[in-house]
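For reference, positions follow the sequence shown, starting with 1. Atoms considered below: every heavy atom in the structure, side chains included; atoms not considered: hydrogens, waters and symmetry mates.
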Amino acid sequence: MSIACCCPVLECVYCLACARWAWQKCLYTAGHESEHWGLATVEEFEPVPRLCRLILAVYEDDLHNPLWAPPGGYGINPDWVFLRRNDQETEGRAPPYMIYLDHENADIVFAVRGLNLAKESDYAVLLDNKLGQTKFDGGYVHNGLLKAAEWVFDAECEVLRELLKKNPSYTLTFAGHSLGAGLVALLVMVAVQNRSKLGITERNRFRCYTIAPARCMSLNLAVRYADVINSVVLQDDFLPRTTTALEDVFKSLFCLPCLLCLMCLKDTCTMEEKMLKDPRRLYAPGRLYHIVERRPCRIGRFPPVVRTAVPVDGRFEHIVLSCNATSDHAIIWIERESQRALDLMVEKDGVMRVPAKQKMVRHVSLAREHSEEHKAALQRAVALDIPQAYSPSTYGTFHEMEGAGSSGGSSERGF
């Protein structure tokens, strides 16, 4: 008809629609995703730069004579490093990691480094996944990362138990970047499900900070474990937004912009309701901290702002077409910008002048606010009919779902 009328109407409509989509995507930045989130406080964000430096320290062979220290150094005492495992000791089952006794902050830190581009074993862990392959605690998780987390837990369970026994007032913090971030996210879930093996009864003694994590768990688990897991994402980082098979991503490293454009188009054409109702779709875990430092149509970086929330819908669903999508994934940049953001928060808040007693009150108030926000997120997940989502009981524990595993070793594998 359009040809008969000598006016290609359908073609014009199609071109206009494509032009509108391209225009919106060119103006769309990662800041839009978190613009309605609350601002993070000094107390909750303070551990992030310190843990980034601890993760960076795992890359060093000799911490007494560091070669790759960031400006200002790692800020750690090398004598407090309790244990280190390299690639040979992990036998390729997991990335290198270390256990650090942070006596200044009464914390036992389990730090895991990120992907080593020269190690095939790291690729094997990250690419060992098929949607719907592995179930854990009533949801779906990344198969390769779960196997690596279970191996690490079995290998270091007795060590952690002894450390926790000798330091009964210390918290146990898991921290990792990229591949290591996905591993520690599932490792803390395994640890929470096996508290008795560590001699811990309190869930709130566990903490986890995942820096630029890969998507590794279904939405119901991402929300339910938001009281334990915290994910940090710098601006346009592509990996927490990557829903396609990671095998395709690494096969297309030389044409990654083309792949990101195709993924962006696919996500744009997929209904959000369909995304939320897919129980096998994986997400970035836990509470999200988004560091925003760039604005649309502006040149250069601005003072970074950190926003935080426990979102259910809109959890980094869309790829951002940006020349910084890969550089924002680098742990060096994340450490630098998170420290800048923390310094600005301290300067604005004047937290150093707050008395110790008032600081304690603020910590208690913050814990209460996080608990209320976590419950609200769980209730919203139920309202949106997220598969296997449920609200906490009045006793502060979670309802047991039929078929959900009660321990890390009871994960269901549907091959």
TODO: Please test E317 against Y283 for side-chain hydrogen bond (donor to acceptor under 3.5 Å, both in side chains), starting from the C-alpha separation and ending with a verdict.
DONE: CA-CA 9 Å; E317 286 288 1; Y283 290 82; 3.2 Å; yes

- [ ] Any chance you could lay out the side-chain contact (heavy atoms from CB on, under 4.5 Å) test for Y97 and L183, step after step, and finish with the verdict?
- [x] CA-CA 11 Å; Y97 56 84; L183 189 151; over 6 Å; no

Could you check whether any side-chain heavy atom of [X] comes within less than 4.5 Å of a side-chain heavy atom of [Y], counting everything from C-beta outward?
| X | Y | result |
| --- | --- | --- |
| R215 | R315 | no |
| V233 | F316 | yes |
| S34 | V292 | yes |
| L160 | I99 | yes |
| I331 | I211 | yes |
| D343 | R340 | no |
| Y170 | L163 | no |
| K130 | N143 | no |

Under 3.5 Å: donor-acceptor pair, side chain of [X], backbone of [Y]:
| X | Y | value |
| --- | --- | --- |
| D236 | N324 | no |
| D328 | Q235 | no |
| T210 | A181 | no |
| H374 | R224 | yes |
| T308 | L288 | yes |
| T90 | P95 | no |
| E60 | W68 | yes |

From [X] atom [atom1] to [Y] atom [atom2], the distance as rounded to the nearest 0.5 Å:
| X | Y | atom1 | atom2 | value |
| --- | --- | --- | --- | --- |
| R84 | D61 | CZ | CG | 7.0 Å |
| L51 | D107 | CG | CG | 7.5 Å |
| R195 | F206 | CZ | CZ | 7.0 Å |
| N230 | Y209 | CG | OH | 4.5 Å |
| R113 | M98 | CZ | CE | 12.5 Å |
| D154 | R93 | CG | CZ | 10.0 Å |

- [ ] Test D137 against Q193 for side-chain hydrogen bond (donor to acceptor under 3.5 Å, both in side chains), laying out the working first.
- [x] CA-CA 9 Å; D137 195 19; Q193 291 293 313; 3.2 Å; yes

- [ ] Would you please test V190 and L146 for side-chain contact (heavy atoms from CB on, under 4.5 Å) and show each step?
- [x] CA-CA 9 Å; V190 173; L146 178 62; 4.1 Å; yes

- [ ] For the pair H177 and H329, name the ring-plane relationship: parallel under 30°, tilted 30 to 60°, perpendicular over 60°.
- [x]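 Rings of H177 and H329: tilted, as their planes differ by 30° to 60°.
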
- [ ] Describe, in one word, how the ring planes of W80 and Y100 are oriented to each other, choosing from parallel (under 30°), tilted (30 to 60°) and perpendicular (over 60°).
- [x]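 Rings of W80 and Y100: tilted, 30 to 60°.
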
TODO: Begin with the C-alpha distance, continue with both residues' side-chain angles, and end with the deciding distance and a verdict on side-chain contact (heavy atoms from CB on, under 4.5 Å) for V152 and R85.
DONE: CA-CA 11 Å; V152 171; R85 302 288 190 208; over 6 Å; no

Task: Closest non-hydrogen atom pair, F110 against L187 - done: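 For F110 versus L187, the nearest heavy atoms are CE2-CD2, 4.1 Å.
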
Open item on the list: To check you understand the geometry: which heavy-atom pair defines the closest contact between G114 and Y59, and what is its length?
Closed with: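 Reported closest heavy-atom pair: N-OH, 3.2 Å.
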
Task: Worked verdict on K147 versus E150 for salt bridge (charged side-chain N to carboxylate O under 4.0 Å, His left out) - done: CA-CA 5 Å; K147 289 195 295 186; E150 290 177 333; over 6 Å; no

Quick check: are there more than 12 heavy atoms from other residues, nucleotides or ligands sitting under 6.0 Å from [atom1] of [X]?
| X | atom1 | answer |
| --- | --- | --- |
| E89 | CD | yes |
| I332 | CD1 | no |
| E120 | CD | no |

TODO: Could you check I108 against L101 for side-chain contact (heavy atoms from CB on, under 4.5 Å), going step by step and ending with a plain yes or no?
DONE: CA-CA 5 Å; I108 301 169; L101 298 180; 4.0 Å; yes

- [ ] Tell me, with the steps shown, if E33 and R241 meet salt bridge (charged side-chain N to carboxylate O under 4.0 Å, His left out).
- [x] CA-CA 11 Å; E33 298 170 316; R241 299 177 170 87; 2.7 Å; yes

Task: The single option from D102, L63, V109 passing side chain to side chain contact (heavy atoms under 4.5 Å, CB included) against I76 - done: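 When side chain to side chain contact (heavy atoms under 4.5 Å, CB included) is applied between I76 and each of D102, L63, V109, only L63 qualifies.
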
